[in-house]
Amino acid sequence: MRRLSILGSTGSIGKQTLEVVRKAPGDFTVESLTCGSDIDTIFDQIKEFRPKVCSVVNESKAMELSSRLKDEGIEIEVLTGEEGNITCATLGSCDTVVGAIVGFAGLVPVYHAVLSGKDIALANKETLVAGGDVIMPLIREKGVAMLPIDSEHSAIWQCLKGEKREDLDRILITASGGPFRSMTRSQLENVTLQDALHHPTWNMGGKITIDSATMMNKGLEIIEAHHLYGIDCDKIDVVVHPQSIIHSMIRLKDGSVLAQMGKPSMVLPIEVALYYPDRGPSIVTEFDPFDAAMNNLTFEPCDTEVFRLVKLAYEAGRKGGLVPTVMNAANESAVMAYLAGSINFLGIEETVFETVEKMESSISRLDLTIDNICQTDKDARIYADELLKGKIK
Ligand code: NDP
Ligand code: MG
């Protein structure tokens, strides 16, 4: 039985994690739930799953939730602020923390969870992009498990089971290509926010949906795979596979290629992580090789001259240090501005490139510590926000 603290329980991954729990309640307990401000959703989740503690970052929303729960006669400790996330992540009664917060905000709670010996089921890729050089050594030092949830990394993990690490030659990470696959640079100049939010195969939170449209999501995933599997970014190829059936592949040194397949759904990778090293019950619709979607599985290269953030992510991953931290922070600021309707689509990319270029030399002297990672994230956001002010439509 796993005793879960779910950080970001009201989001797309958080809700699907609770779907897994709901299907097999005897296999899990829910010790704590956290969110940013969506108290309507967390209220219903608390009623159903009865955690001991919950946390809402927004303080006035936390107070409102607390009084609603009292009125309902539900006894539970309601915490708030970033501290509340850390308390939930380190709760004595929990053994596994599900990292489903979006963005850099997920890093510090996960860091504390690892420090206190929890296994980590990680969806929040920004944690590894910004802080993988600190998190992964700590995972090894503490002897806890890193259980990947991101579907590509789950696929790679499953393919690697039983293989010797030194036999891994390359990773072929698949990408749907997003809503703007096959577009030219000039076509990208005219896309709308509504177009960008319309992902062809996956239904996800707003930030990752935009990251999929710019293909930065794949860039972040290259760096995530580099940290999880200790492989150079140059040994990771992006394969655009619009049907999203093959979730990634590995090539072994003898040339064998192993792939993991399934319909696009995050429920299965979440389940794989939570039941590791066992296998759980079948809760997704059965895979049908005769389904129409299976008739035409196609593969294309990724055009990094059109989707330039993928190229930048390769460079940032190669350089390492705090460069990916800056890239991630600038991307988060730019995506938030784009979601707010303040900048156009290519403004995201411009902001990220300009911020990385500006900050690269000043961060090169800094040691890779959790404090320097947090400070660099802040500094990069301040710089990116300044740039964004000048780009407002
Ligand atoms: P959503 O935007 O749907 O959900 C984000 C969650 O984080 C919400 O519960 C939100 O609370 C919460 N949150 C935001 N800020 C804070 C904070 N400071 N403290 C606590 N909680 C916070 O995102 P997704 O579920 O789509 O994505 C979550 C992570 O998983 C991302 O890193 C994403 O890249 C990754 N991922 C997602 C996939 C997907 O299919 N969705 C696939 C693979 C990876 P509130 O609702 O109150 O705002
Ligand atoms: Mg993914």
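Atoms within a ligand are numbered from 1 in the order they appear, just like the ligands themselves.
Checked against the Mg ion (ligand 2), the N, O or S atom of E152 at the shortest distance is OE1. Shortest distance from the Mg ion (ligand 2) to E221 is reached at OE2 (N/O/S atoms only). Note on D150: its N/O/S atom closest to the Mg ion (ligand 2) is OD1.
Neither side chain, D234 nor Y314, offers a donor N or O lying under 3.5 Å from an acceptor on the other. If you check the side chains of E221 and H153, you find no donor sitting under 3.5 Å from an acceptor.
The closest heavy-atom contact to atom 8 (C) of ligand 1, among the options V102, T41, T10, T17, comes from T10. Nearest to atom 21 (N) of ligand 1 by heavy-atom distance, out of A100, P148, C35, is C35.
Ring geometry for H241 against F299 counts as parallel: the plane angle stays under 30°, on a 0 to 90° scale with 60° as the upper cut.
When only interatomic distances are considered, the shortest N/O to N/O separation between D38 and ligand 1 falls below 3.5 Å. Residue D150 places no N or O, backbone or side chain, under 3.5 Å from any N or O of ligand 1.
Side chain of T325 to main chain of A130: a donor-acceptor pair is present (N/O by atom type, distance under 3.5 Å, no hydrogens or angles). With hydrogens and angles ignored, the 3.5 Å screen pairs no side-chain donor or acceptor of T41 with any backbone N or O of D38.
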